[in-house]
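Below: the structure, in structure tokens.
Since we're looking at a predicted model, the values are computed, not measured. Proteins come first, then strands; the chains are lettered A, B, ... in the order of their sequence lines, and each starts at number 1.
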Protein chains: 2
Amino acid sequence: MADVRGGDLSRLRQLNSLTAIRALRKAGPLTLSALAERAGLSRPSMKEVTDELMRLGWVEEVPPSQGTMGRPARRYRFRADSGHLVGVDIGGHNIRAALSDLDGEILAETRQPVRPDAPLEERLAAIERAVAGCLALSRTTVADVWMISVGTIGVIDVAGRVIYSAAVPAWRDLDLAGELRRMFPWQVLIENDSRLAAMAEARRGVARGARDVVFLHVGRRMGAGLIIGGKVHRGFGAASGEIVMLPEARWFNAPEHLHTCASVPAGTPPEDAAGYTLAAARNGDPVAIEAVERYVEDLAVGTAAMVLILDPQMVVLGGGFSRSADVLLEPLRERLEARCMRMPEMRASTLGDECVVVGAIDYAVNHLDDQLFTTDNGPLPLTR
Amino acid sequence: MADVRGGDLSRLRQLNSLTAIRALRKAGPLTLSALAERAGLSRPSMKEVTDELMRLGWVEEVPPSQGTMGRPARRYRFRADSGHLVGVDIGGHNIRAALSDLDGEILAETRQPVRPDAPLEERLAAIERAVAGCLALSRTTVADVWMISVGTIGVIDVAGRVIYSAAVPAWRDLDLAGELRRMFPWQVLIENDSRLAAMAEARRGVARGARDVVFLHVGRRMGAGLIIGGKVHRGFGAASGEIVMLPEARWFNAPEHLHTCASVPAGTPPEDAAGYTLAAARNGDPVAIEAVERYVEDLAVGTAAMVLILDPQMVVLGGGFSRSADVLLEPLRERLEARCMRMPEMRASTLGDECVVVGAIDYAVNHLDDQLFTTDNGPLPLTR
DNA sequence: TTGACTTACGAAGGAGCGCTTCATTAGTAG
DNA sequence: CTACTAATGAAGCGCTCCTTCGTAAGTCAA
């Protein structure tokens with residue numbers, strides 16, 4: 001409804017160009033006839049459209065497919081390499097970066113370890129190194145990149161300023177968007193990491209195709225990301241998904257059950273304790289099993305709140321502990337069934353550690369699509 | 001993004017027609033020049049567009065405004081009366097109906113009392129009487145109406161079947177949409193009453209203009225309605241907003257604090273007890289004040305869950321008890337401030353008892369707008 | 001009442017975009 | 001080598017919007 005606007009003939013051409021681009025992005029290389037049919041245009045018209053798109057660098061010809069009847073048809077494909085996107089995951093211990101083409105196809109990935117208590121400069125330098133590494137790996141220059149999309153823990157306000165970050169002390173009150181704009185001459189997007197992970201699941205993970213998704217980040221810290229109507233739901237102050245802050249939802253202290261389980265041998269480093277408990281539960285250790293049960297019991301309360309409030313199509317279990325989804329998913333389902341009106345589908349994430357970087361890329365692709373296909377902004381967003 | 005599609009010249013005209021309609025709906029009667037400017041068209045083109053719209057019955061001329069410089073300009077207005085919408089609120093004790101024009105301007109309203117335990121036939125007959133009354137009052141015929149939009153308590157599935165309704169026994173498992181289609185030859189919409197009330201607040205009430213709104217239905221029964229991105233959020237199985245089902249959210253039994261307050265004289269009918277307590281608290285009765293405090297304490301938990309999860313722009317306090325918002329709103333705000341990361345604006349509903357009927361109308365208008373302005377469906381949705 | 005000024009109207013001519021049609025071309029199948 | 005298939009490219013048409021310009025219908029001031 002927002003993007004109905006009138007205009008002259010050139011607008012029609014713009015619309016048809018975008019339709020063509022979209023069809024090519026979705027369905028790979030297409031012949032002129034196929035493209036024309038999909039877009040509802042005649043072939044001669046579509047020819048002009050593709051000619052223009054080729055001139056502008058959005059589309060290129062590929063060799064015709066062989067072995068077909070009749071004269072071989074030209075085929076066109078979207079030039080996903082006419083621009084590039086960078087995704088970054090700023091975690092406590094690691095900074096991951098990835099570079100992708102405009103389709104979100106990942107072309108290079110790097111990782112830079114960083115101490116959680118590293119001062120600001122060190123952390124920013126690590127980001128710069130990670131991104132530079134990606135560019136070098138894929139032989140891409142700064143000018144080839146259009147957008148950088150960053151995910152980080154904590155609450156980031158609408159302007160890209162870090163409001164709150166329990167895990168990374170140096171991060172608090174930082175104008176992250178400003179820093180990034182200083183470092184890179186690209187459009188800057190910033191989002192909370194749980195929301196980006198949710199995005200990744202909804203676009204290429206186990207929740208592909210679902211419009212309303214609740215993503216549970218279960219790990220040493222708890223978090224949640226919401227996809228509503230196929231889009232990241234940030235909330236008015238970019239503070240959505242913070243159910244962990246509500247004591248009655250019992251998320252905040254839930255991981256304690258796993259960390260302090262009596263089965264864990266003394267001297268286990270704290271970051272390994274939960275993993276140990278989960279493994280022990282898998283192997284039948286009754287003490288560990290009980291700890292996991294208490295954990296899931298708490299986890300279920302906050303999760304039920306989200307399910308009851310939103311009635312999502314799917315709940316995805318992600319985050320560090322989701323490697324133990326075999327021990328967690330079934331008990332969680334049982335407890336939710338007792339609490340919820342309508343049970344959503346429940347699945348475990350399969351994307352692993354790259355899930356936030358990948359989500360950052362997907363978020364950028366989504367953003368780009370909006371810019372391209374929301375016909376409001378600007379004349380026509382085609383470049384050379 | 002979903003509604004970018006190519007097309008020929010007629011599509012451009014369609015786009016421009018819709019733009020004109022939208023401008024006229026939003027900004028009242030406009031001259032040709034004003035209209036052309038808003039739509040970004042030249043005057044001659046806009047003239048043709050309006051000519052066509054007048055031929056089709058969507059638009060009509062009004063007398064030119066006087067006292068202006070230069071030759072008086074023709075003015076056009078959207079003919080909101082070229083179609084009508086019916087809204088119905090099926091409550092436990094009352095059935096309300098309203099008839100509006102396409103702008104949602106209410107032209108007639110009726111109310112039919114009905115016993116909560118009335119059998120199905122009686123209830124359906126009351127609906128029919130209420131609607132017929134509206135038509136008679138406004139001298140509208142069945143053929144003038146396009147759509148009926150119904151709000152009712154309980155959970156209604158996506159197909160319009162009542163899944164669950166604690167308050168109205170006869171309602172359970174009813175194919176309400178089917179019944180309504182049998183009764184009226186109109187397009188049928190069904191929604192939960194809390195969601196419709198939320199819609200009313202977001203379109204014409206205290207939350208006007210807000211995109212993300214949490215509406216609290218506080219009364220003898222508790223409920224919630226969500227507006228996300230300016231639209232009613234139903235959830236995948238139309239079961240959103242049911243936080244009352246979660247014991248830990250402490251909504252379900254919250255009204256008990258008001259009903260069983262020691263200040264209430266013996267013999268007070270149960271439906272008046274809460275009102276009595278709230279009034280007593282307003283007058284400074286310490287026992288009642290304490291009961292209200294306990295009530296708000298519980299109310300705040302479920303509300304905080306919604307605010308933390310969604311981070312809405314605004315929370316609206318509605319439902320029967322919202323008449324006592326002066327006693328409730330401030331304490332609720334205090335408790336939320338202690339729990340939430342970012343405080344949403346908080347307001348009390350002002351729409352009163354008609355809020356659900358009005359919301360039903362607004363929902364229908366919204367739906368109509370979607371049909372009109374989502375350029376996908378059908379050729380061009382213009383009628384005579 | 002008249003003349004200057006302002007603003008809208010309506011008709012004419014032109015440009016851009018998409019459509020249909022048809023002869024031509026480049027393959028495969030027998 | 002011929003028949004068949006399917007895409008190509010050019011020509012001509014119609015629709016929608018644009019610009020331009022002379023005309024019409026008001027207000028304002030003398």
- Could one point to a donor on the side chain of B:R13 or the base of D:dT16 with an acceptor on the other under 3.5 Å away? no
Which part of the nucleic acid does [X] contact within heavy-atom distance under 4.0 Å: base, sugar-phosphate only, or nothing?
{"X": "A:S33", "answer": "sugar-phosphate"}
{"X": "B:T68", "answer": "sugar-phosphate"}
{"X": "A:P44", "answer": "base"}

Below 4.0 angstrom from OP1 or OP2 of [N], is there any side-chain N or O of [X]?
{"X": "B:R43", "N": "D:dT20", "result": "no"}
{"X": "A:N16", "N": "C:dC17", "result": "no"}
{"X": "A:S42", "N": "C:dT20", "result": "no"}
{"X": "B:R74", "N": "C:dT7", "result": "no"}

- Task: May I have the step-by-step check of side-chain contact (heavy atoms from CB on, under 4.5 Å) for B:L9 and A:L12, ending in yes or no?
- Result: CA-CA 8 Å; B:L9 291 293; A:L12 193 53; 4.2 Å; yes
- Message: If we count only N and O atoms by modelled type, under 3.5 Å, do the side chains of B:T19 and B:N16 hold a donor and an acceptor together?
- Response: no
Proximal nucleotide (of [options]) relative to the [X] side chain:
{"X": "B:L9", "options": "C:dC9, C:dG18, C:dT28", "result": "C:dG18"}
{"X": "B:A73", "options": "C:dC19, C:dC17, C:dA8", "result": "C:dA8"}
{"X": "A:L41", "options": "D:dA6, C:dC19, C:dG10", "result": "C:dC19"}

Quickly work out the [X] [atom1] to [N] [atom2] distance and round it to whole Å.
{"X": "B:E52", "N": "D:dC15", "atom1": "CD", "atom2": "C1'", "value": "12 Å"}
{"X": "B:E48", "N": "D:dT19", "atom1": "CD", "atom2": "P", "value": "15 Å"}
{"X": "B:K47", "N": "D:dA24", "atom1": "NZ", "atom2": "P", "value": "16 Å"}
{"X": "B:D51", "N": "C:dG10", "atom1": "CG", "atom2": "C1'", "value": "11 Å"}
{"X": "A:R11", "N": "D:dC18", "atom1": "CZ", "atom2": "C1'", "value": "17 Å"}
{"X": "B:L15", "N": "D:dC17", "atom1": "CG", "atom2": "P", "value": "10 Å"}
{"X": "A:Y76", "N": "D:dA7", "atom1": "OH", "atom2": "P", "value": "12 Å"}
{"X": "B:L12", "N": "C:dC19", "atom1": "CG", "atom2": "P", "value": "13 Å"}

- For B:E109, which residues count as a salt bridge (charged side-chain N to carboxylate O under 4.0 Å, His left out) partner, sequence neighbours excluded? none
- Message: Judged by each residue's nearest nucleotide on DNA chain D, which is more toward the 5′ side, A:R71 or B:V49?
- Response: A:R71
- Take A:S45 and B:P72, find for each the nucleotide of DNA chain C with the closest heavy atom, and name the residue whose nucleotide sits nearer the 5' end. B:P72
- A:I106 vs A:E354, side-chain contact (heavy atoms from CB on, under 4.5 Å): CA-CA, chis, key distance, verdict: CA-CA 11 Å; A:I106 302 218; A:E354 286 81 30; over 6 Å; no
- Message: Quick one, B:Q187 and B:H367 - any side-chain contact, counting heavy atoms below 4.5 Å?
- Response: yes
- Query: Between A:W186 and A:F184, how do the two ring planes meet: parallel, tilted or perpendicular, split at 30° and 60°?
  - Reply: parallel
- Query: Would B:D51 and B:R55 pass as an ion pair if we require N to O under 4.0 Å?
  - Reply: no
- Message: Using the side chain to side chain contact (heavy atoms under 4.5 Å, CB included) definition, which of the options A:V86, A:V145, A:L99, A:V357 pairs with A:C134?
- Response: A:L99
- Note on the structure: Bend of the helix from C:dT1-D:dA30 to C:dG30-D:dC1 from end-axis comparison, five pairs per end, nearest 10°, comes to 10°
